[in-house]
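Hydrogens, waters and symmetry mates are skipped; everything else that's a heavy atom, side chains included, is used.
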Amino acid sequence: MAEEVLLLSSPSESCTSLLSEISNASTRAFVLAFTVGSCGAFAFGCIIGYSAPTQSSIMKDLNLSIADASSILSILVYFIFPVDFGSFSFQLLFCPFCSQYSLFGSILTVGLILGALICGKLTDLVGRVYTIWITNILFVIGWFAIAFAKAVWLLDLGRLLQGISIGISAYLGPVYITEIAPRKLRGAACSMSQLFTGVGISVVYALGTVVAWRNLAILGSIPSLMILPLLFFIPESPRWLAKVGREKEVEEILSRLRGENSDVSDEAGEILAYTEHVKQQGDDRGFLKLFQRKYAFSLTIGVVLIALPQLGGLSGYSFYTESIFISTGVSSDVGFISTSIVQMLAGVLGTVLVDVSGRRSLLLVSQAGMHAYYYIYFTNPFLIENHCWETGTPILALISVTLYFGSYGLGMGSIPSIIASEIYPVDVKGAAGTMCGLASSISSWLVAYSFSFLFQWSTTGTFLMFTTVTGIGFVFIAKLVPETRGKSLEEIQSLFSF
């Protein structure tokens, strides 16, 4: 009986503990650092959202061909961030010219991959804060290059710089937040900061309907310009300081983050002891060190979780959403607004629950919802062909789409990045960041590029492939992904390195 009472009271106690942790973590240093991370995610979203409402005006002002414009405006959106936030997705991907990869598309692709390739080494070499400096300066230069472009090459240069910056910051943001946040608040802080990416996309997309593209580029630079003065006041990651031998600063930084009255000696001691243990076990093989047998499990977990949403059809399904609405009689505007709202609300719910119910359970629910979508989707053609429940077909289509993106927003949208930033020791975190960035980029591109060909081959076969992948993904999470909630980074990394 006592056990039942304890079990029933645990959710309430977890929520109370979370609120208490938020109150304790509200130090000036942590709030400023979280603000920088959130503004960085917002700036990320501004870059992604900029492309959709500016296509026609850029083409007209710079006299670009459709093929050039399509490459400039679509590749960045779907190569790295293949999430549908508006009716522009289907139009950009499936217009007949989008497959004509011009010089602009090639340079953007090189920039994105280059950013992923250098993110790990750069953050290990100069630290988290100085890397944030670099990415935001590149953001600003990129925006102004676009705003004042009189020729195609300058527009190209601006997008290239932004692509490099996104390739770096996509992994840097979650890593920095997880390394400075308290263990009981780490998931919520990281997830909340990533929500601002969607906010940035929506804001720029709305502004783009009333603001000229050059002025919109200048407005897009404001979040990064706001971040720059804040960087003088945010602390460096205590884990990185321990890694580079600046042990005396670790406890000082932790005191700033946790509050002057907090006892951080145990946390500092754990960080320093584990870092010293890693150094004693290490070698000088650089990037290849990541491929040692003891890191095989953590490397598999991180890369698979990062790539799983894309391999499960996220990129292709995002592009196909509008045609599903049209074919089933759902207004595309109503469908996209409903989908965006549900995905955002699910993201907020996931942020609240990630440190209460845990990462693994949210991942399972999220993956199960994405998997269930395909079964609902397959009932639509049957109902249409047999004239069954014709008035309900649009409702079923809308439910399936909102279920898919709501499930994605609940867990698979943010938690893979959280786990990938938690599980790697400091000596291989940079190399792991590069691998995770490449896994995300390449898997997204493969699905986006091949989806139209697969769809022409067989609609049913294509969705059966994605159904199989999401089902395998559920089993993978259930059998192999351990829970990381409530553990220190050092405890997690000891668990994964064996």
Side-chain angles (χ1 to χ4, degrees), residues 29-30 32-47 80 111-143 160-181 186 189-190 193-194 196-197 221 223-246 249-250 253 256-257 275 286-287 290 302 306 417-418 420-422 424-438 440-441 489:
F30 181 74
L32 286 176
F34 177 77
T35 301
V36 166
S38 300
C39 287
F42 185 83
F44 187 170
C46 288
I47 292 173
I80 284 294
L112 294 165
I113 295 177
L114 183 61
L117 284 172
I118 66 175
C119 70
K121 188 65 175 179
L122 186 62
T123 54
D124 281 349
L125 184 64
V126 303
R128 303 347 182 195
V129 174
Y130 280 120
T131 307
I132 297 174
W133 272 100
I134 292 170
T135 56
N136 280 278
I137 289 172
L138 290 177
F139 279 152
V140 172
I141 294 173
W143 279 122
L160 172 65
L161 294 177
Q162 290 181 337
I164 294 173
S165 301
I166 288 177
I168 297 170
S169 61
Y171 186 73
L172 170 64
V175 165
Y176 179 64
I177 295 295
T178 56
E179 289 185 343
I180 66 170
R186 190 173 59 239
C190 189
S193 67
Q194 292 185 61
F196 283 90
T197 301
S221 68
S224 295
L225 290 172
M226 291 175 59
I227 290 174
L228 292 177
L230 296 180
L231 295 178
F232 289 105
F233 305 101
I234 67 171
E236 182 54 84
S237 163
R239 269 86 180 179
W240 182 80
L241 292 173
K243 177 180 182 294
V244 298
R246 294 161 61 178
E249 300 177 51
V250 172
I253 294 298
R256 289 176 57 194
L257 289 168
T275 304
F287 183 83
L290 179 64
I306 289 290
S417 296
I418 297 173
S421 62
E422 290 177 328
Y424 299 110
V426 290
D427 59 330
V428 295
K429 184 163 286 189
T434 294
M435 288 298 299
C436 289
L438 290 175
S440 176
S441 301
L489 293 182

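- No donor-acceptor pair closer than 3.5 Å links the side chain of Ser440 to the backbone N or O of Cys436.
- Note: Ile234 CD1 to Phe232 CZ = 11.0 Å, rounded to the nearest 0.5 Å.
- Ion pairing between a basic and an acidic side chain is recognised when a charged N comes within 4.0 Å of a carboxylate O; Glu179 and Lys243 show no such pairing.
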Starting from the C-alpha separation in whole Å, work towards a yes-or-no answer on side chain to side chain contact (heavy atoms under 4.5 Å, CB included) for Phe196 and Cys39. CA-CA 7 Å; Phe196 283 90; Cys39 287; over 6 Å; no
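- The OG1 atom of Thr131 lies 8.5 Å from the CG atom of Leu125; values are rounded to the nearest 0.5 Å.
- Across all their heavy atoms, Trp143 and Ile47 have their closest contact at CZ2-CG1, 3.5 Å.
- Judged purely by atom type and a 3.5 angstrom limit, Thr197 has no side-chain atom pairing as donor or acceptor with the backbone of Gly45.
- Here the closest non-hydrogen pair linking Ile180 and Pro238 is CG2-CD, 4.1 Å.
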Show your reasoning for whether side chain to side chain contact (heavy atoms under 4.5 Å, CB included) applies to Gln194 and Ile418. CA-CA 10 Å; Gln194 292 185 61; Ile418 297 173; 4.0 Å; yes
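- When side chains are defined from C-beta on, Ile253 counts as touching Leu241, because their heavy atoms get closer than 4.5 Å.
- Within the 3.5 Å criterion, the main-chain N or O of Arg128 finds a donor-acceptor partner in the side chain of Glu236.
- For the pair Ile137/Ile141, a side-chain contact is recorded, criterion being any heavy-atom separation below 4.5 Å from C-beta on.
- Smallest separation of non-hydrogen atoms from Leu438 and Leu117: CD1-CD2, 3.7 Å.
- Side-chain atoms of Ser224 do not come within 3.5 Å of backbone N or O of Ser221 as any donor-acceptor pair.
- Note that CZ of Phe34 and SG of Cys190 are 9.5 Å apart. Values are rounded to the nearest 0.5 Å.
- Here OG1 of Thr135 is found 14.5 Å from OH of Tyr130. Values are rounded to the nearest 0.5 Å.
- Taken from CD1 in Ile177 to CZ in Phe30, the straight-line distance is 6.0 Å, to the nearest 0.5 Å.
- The nearest pair of heavy atoms linking Tyr176 to Ile132 is CD2-CD1, 4.1 Å.
- To the nearest 0.5 Å, the span separating CD1 on Ile134 from CD1 on Ile164 amounts to 11.5 Å.
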Audit row: Thr434, Tyr171, side chain to side chain contact (heavy atoms under 4.5 Å, CB included) steps and yes/no: CA-CA 8 Å; Thr434 294; Tyr171 186 73; over 6 Å; no
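- The minimum heavy-atom distance linking Leu257 with Pro235 is given by the pair CD2-CG, 3.6 Å.
- For the pair Ala181 and Ala189, the tightest heavy-atom approach, listed with the atom from each and the gap, is CB-CB, 4.4 Å.
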Take Phe139 and Ile166 through the side chain to side chain contact (heavy atoms under 4.5 Å, CB included) test and state the conclusion after the steps. CA-CA 9 Å; Phe139 279 152; Ile166 288 177; 4.0 Å; yes
